Amino acid sequence: MTTEIRPPEIPAAPSAGGIHSPGRATIPGRHLRTDRWWVPQLATALGLLAFIAYSTWRAFWGLHTSYAAPYVSPFYSPCLAANCPTMRGGADWALFGSWWQLSPALIVLIFPLGFRMTCYYYRKAYYRAFWSSPPACAVAEPHAKYSGETRFPLILQNIHRYFFYFAIVVAGILSYDAVLGFRNPAGQWGHAGLGTLVLLVNIVLIWAYTISCHSCRHIVGGRLRHFSKHPVRYRMWNFVGKLNARHMQLAWASLISVGVADLYVYLLASGAFTDPSFF
């Protein structure tokens with residue numbers, strides 16, 4: 001009688017995920033790129049961290065340097081708390097009473113920051129820079145699982161369109177502040193200084209970034225079956241589309257301009273120099 005000897009069974013290896021999933025190309029490395037693909041991500045991370053650090057400092061400890069007549073910092077407008085500085089003709093609305101002891105900037109900044117944090121471009125930027133999801137084009141992400149923006153907390157990114165409406169209101173108020181910049185410190189009209197130009201450039205970039213948003217493009221021309229029947233909306237859709245092609249550049253330009261405008265008001269309010277007058 002012959003006894004059959006079978007080799008011991010080898011347990012099957014667990015299926016790998018990510019770039020080693022079945023059906024993916026068998027490539028030894030994580031990618032085949034030979035350029036410095038990580039440089040843009042590093043620059044993005046450093047730029048965002050620098051703005052976060054600066055805006056946090058100014059939001060918590062900048063109240064006494066948020067207004068230098070006739071200019072108001074965009075971080076503090078509209079000022080909705082009772083502890084706001086008196087702004088001649090400005091958006092100084094004490095909707096929150098004396099019980100609010102924190103910086104009034106914290107009430108307002110939630111809207112423009114919420115708009116930017118849920119912005120399609122910024123989402124791509126900080127997903128890549130901070131989470132490596134994915135690190136870059138043609139570079140596989142290191143995560144084995146991917147659920148996208150279908151679970152909490154990333155599902156909250158879908159409220160971007162609602163932050164867009166608040167961003168329109170804030171941009172309108174900052175436009176009003178820019179118009180008030182055509183006064184002298186005594187409140188007389190017909191004057192302009194370097195601060196006037198700074199606020200004007202800032203609000204132009206803010207409006208360009210805001211209306212170049214994908215949500216704005218959808219509101220203007222979305223859900224239309226026949227553009228020929230809506231010529232005005234079609235022209236508006238084309239205009240927004242051209243701005244949308246520069247959405248990334250406008251996102252960074254407006255972010256820098258907001259910081260520069262706030263810094264300029266801070267320097268004036270702290271007495272670092274006097275606002276140069278044009279007329």
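Starting from 1, each residue takes its place in the sequence as its number. Note that the structure is a prediction, hence the values are computed from the model and not measured.
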| said: For residues 104-113, which residue pairs pass the side chain to side chain donor-acceptor pair (under 3.5 Å) check, not counting sequence neighbours? | reply: none

| message | Heavy-atom count check: over 12 atoms from other residues, nucleotides or ligands less than 6.0 Å from Tyr162 OH? | response | no

| query | Does atom CZ of Phe239 have more than 12 heavy-atom neighbours, drawn from other residues, nucleotides or ligands, at distances under 6.0 Å? | reply | no

| Met87: what forms a side-chain contact (heavy atoms from CB on, under 4.5 Å) with it, not counting sequence neighbours? | Tyr67, Val72, Cys79, Asp92

| What pairs with Trp37 under side chain to side chain donor-acceptor pair (under 3.5 Å), at least two apart in sequence or on another chain? | His31

| said: With a 6.0 Å cut-off (strictly less than), is the heavy-atom count around CZ of Arg246, excluding the residue itself, greater than 12? | reply: no

| query | side-chain contact (heavy atoms from CB on, under 4.5 Å) with Asn158: which residues, sequence neighbours excluded? | reply | Ile155

| remark: Residues pairing under salt bridge (charged side-chain N to carboxylate O under 4.0 Å, His left out) where one sits in residues 180-200, two or more places apart or in two chains, turn out to be none

| field | Set of side chain to side chain donor-acceptor pair (under 3.5 Å) partners for Thr274, sequence neighbours left out | value | none

| Quick one: side-chain contact (heavy atoms from CB on, under 4.5 Å) partners of Ala50, sequence neighbours excluded? | none

| task | State which residues pass side-chain contact (heavy atoms from CB on, under 4.5 Å) with Ala171; sequence neighbours excluded, sorted by chain then number. | result | Ile206, Trp207

| query | Would you find a donor on one side and an acceptor on the other, under 3.5 Å apart, between the side chain of Ser73 and the backbone of Phe75? | reply | yes

| request: Please list, chain by chain and in numerical order, all residues satisfying side chain to side chain donor-acceptor pair (under 3.5 Å) with Trp100, sequence neighbours excluded. | output: none

| said: For Tyr127, I'd like to know if atom OH has over 12 heavy atoms of other residues, nucleotides or ligands within 6.0 Å. | reply: yes

| Mind checking what makes salt bridge (charged side-chain N to carboxylate O under 4.0 Å, His left out) contact with Arg123, not counting sequence neighbours? | Glu149

| note | Sorted by chain and number, sequence neighbours left out, salt bridge (charged side-chain N to carboxylate O under 4.0 Å, His left out) with Arg161 holds for none

| remark: Residues at least two apart in sequence or cross-chain that pass side chain to side chain donor-acceptor pair (under 3.5 Å) with Thr65, listed by chain then number, are Arg58

